[in-house]
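Below is one structure; the comments refer to it alone.
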Protein chains: 2
Amino acid sequence: MKAETFKVACSSCNLRELCMPVGFDQNDMHKLDEVVTTRKKIKQGDLLFENGETFTSLYAIRTGFFKTSVASEDGREQVTGFQMAGEIIGLDGIVNDHHTCNAVALEDAEVCVMPFDHIEDLSREFPVLQKHVHKIMSREIVRENGMMMLLGNMSAEERLANFLVNLIQRLFARGQSQSEFILRMSREEIGSYLGLKLETVSRTFSKYSEEGIIEVKQRHIKILKPDALKQLVKSPNCN
Amino acid sequence: MKAETFKVACSSCNLRELCMPVGFDQNDMHKLDEVVTTRKKIKQGDLLFENGETFTSLYAIRTGFFKTSVASEDGREQVTGFQMAGEIIGLDGIVNDHHTCNAVALEDAEVCVMPFDHIEDLSREFPVLQKHVHKIMSREIVRENGMMMLLGNMSAEERLANFLVNLIQRLFARGQSQSEFILRMSREEIGSYLGLKLETVSRTFSKYSEEGIIEVKQRHIKILKPDALKQLVKSPNCN
DNA sequence: AAGTCTTTTTGATGTACGTCAAAGATAGCA
DNA sequence: TGCTATCTTTGACGTACATCAAAAAGACTT
């Protein structure tokens, strides 16, 4: 499907606080509008970018939900992250000028296209933007450190609790319900992300359910005992 | 132990090609000397920085060998990386102005201290440095993506092969022997990095040894069949 | 509204790696 | 040069999660 593209301004975007630096004046703000050249709509199931593709831009998610994944030579897939509104994807492409992972929309989505050349040019002009870019990249490094802890040291129960608590926090930051939500990804995708098989994910959901911690109906999740869930998370949180 | 500190210049450093951007003239080079303010010696076993410590600088390793690790609330340790000469550590500290991991010297080491403020100031002046900083951070993100694949999808044998092949490549890039080397870290530290127990690491070394792929005598490793090892690595290499 | 496809759940069984334990090997130190 | 302390190897056994399989629940199509 062909993606629509059109112009838009950050200065009037309600997600500004999530993906743009805070604390600079009106003038600077309008200059920063240049970071985003266009928007792009992505249909559910479609790729935003894929492994091997030439890197040109970072993408700020306006609406929708993505997963990123890497693949091994023999075809095994590892989901490396799930991204939602206000988050930035594409950082993997900077180092070698081409992407090393795939980004797939898990629901119809819209992203702001930010050509990386523009970002670098504007970064030199606006220290606040420069700092922001550095922090976004560092945050991703710290998140992945947390994922290494999760994948290397934690039990299935701890992994899934961690996953849910993290999701809840991010929904909270976006003003959505923390107690009830719909998972945008399959059991298999959750499993891939957490280094588990889909059956184990399903069984662990069932276990939480039996313990009255959550209510599960397919992809519909209701959090009954958020504290019990947080109790299960015994490691630095993976944002 | 008190660490010695003294001044030094990048422009005359033989590791320049590893940790500094390439392709700019003599004048720029001398300006870039400002990135490094001092050097610092770290004794084996000592911390370069630790979790919670205020972030001020990135460090370029001049000599020696480091491990970085994160810890969970209940004290489990996850090694997140091993770093050698020419590599940059401390990127985790940027996002929250304090470090979230520990960096320990596995042998006596010397690092170049690069205050991050200087880096940011000079980055605005020299696009080539700016790009370099971005690439270093992106490279770390891509490396960690690879580690997620390793930890989430690979068998003990594949993990260790991956680890060894990666080590060999980095030794090669430094002009050291690829066929014979001494491990700077314990079986337990390798295990922590690879999401395995030390016994499993030891057993896997023994297995390779029985198969004639490597020769193991404690920490002394001799690679007999590098191709057999590469054969075992069925996924994007984790640099 | 029936029929097909996909996803999720649940059960039975298998296995790769973990755990526990003890014996070498090496390094550091008096 | 022997004595500790630490690290590594190896064996026996246990277990958390994977695998295989089939039923149940939705979702999509016509």
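Naming convention: chains lettered A, B, ... in sequence-line order (proteins, then strands); numbering from 1 in each chain. Note that the structure is predicted; figures quoted are calculated from it, not measured.
Put simply, CD1 on B/I190 is 16 Å from P on C/dC17, counting in whole angstrom units. B/L194 places its CG atom 12 Å from the P atom of C/dC17, with the value rounded to the nearest Å.
Qualifying salt bridge (Lys or Arg N to Asp or Glu O under 4.0 Å) partners for B/R219, counting only residues two or more places apart in sequence or in other chains: none. Evaluation of the side chain to side chain donor-acceptor pair (under 3.5 Å) rule for A/N102 yields no partner, not counting sequence neighbours. Residues satisfying the side chain to side chain donor-acceptor pair (under 3.5 Å) criterion with B/S69, sequence neighbours excluded, are B/E77. Qualifying salt bridge (Lys or Arg N to Asp or Glu O under 4.0 Å) partners for A/R174, counting only residues two or more places apart in sequence or in other chains: A/E87. For B/Q83, the side chain to side chain donor-acceptor pair (under 3.5 Å) partners at least two apart in sequence or on another chain are B/T68. B/T63 meets the side chain to side chain donor-acceptor pair (under 3.5 Å) test with no other residue; sequence neighbours excluded.
Considering every non-hydrogen atom in both A/V142 and B/D92, the closest pair reads CG2-O, 3.4 Å.
Between B/R76 and A/E158 a salt bridge is recorded (basic side-chain N to carboxylate O distance below 4.0 Å).
Rounded to 10 degrees, the angle between the two end axes of the helix from C/dA1-D/dT30 to C/dA30-D/dT1 is 50°, with five pairs used at each end.
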Check residues 207-217 of chain A and write down every donor-acceptor pair under 3.5 Å in which the side-chain atom is one partner and the other belongs to a residue at least two apart or another chain.
unit_1, atom_1, unit_2, atom_2, d
A/K207, NZ, A/E157, OE1, 3.3
A/K207, NZ, A/E157, OE2, 2.8
A/K207, NZ, A/E211, OE2, 3.3
A/Y208, OH, A/E157, O, 2.3
A/Y208, OH, A/A161, N, 3.2

Dump the pairs, protein N or O against N or O of nucleotides 4-8 of chain C, anything under 3.5 Å, distances to one decimal.
unit_1, atom_1, unit_2, atom_2, d
C/dT8, OP1, A/R219, NE, 2.9
C/dT8, OP2, A/R187, N, 3.0

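Judged as a salt bridge (charged side-chain N to carboxylate O under 4.0 Å, His left out), the pairs with a partner in residues 178-194 of chain B (not counting sequence neighbours) are, in order, B/K67-B/E189, B/E107-B/R184.
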- Scoring nucleotides 18-23 of chain C by protein non-hydrogen atoms under 4.0 Å (B base, S sugar-phosphate only, - none) yields SBB---

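In this structure, the ring of A/H99 has its center less than 6.0 angstrom from the ring center of A/F55.
When DNA chain D is scanned 5' to 3' for any atom under 4.0 Å from a heavy atom of chain A, the first and last hits are D/dC17 to D/dC20.
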- Task: I would like to know whether B/F82 and B/F163 meet side-chain contact (heavy atoms from CB on, under 4.5 Å); could you show each step before the answer?
- Result: CA-CA 10 Å; B/F82 296 110; B/F163 170 74; 3.9 Å; yes

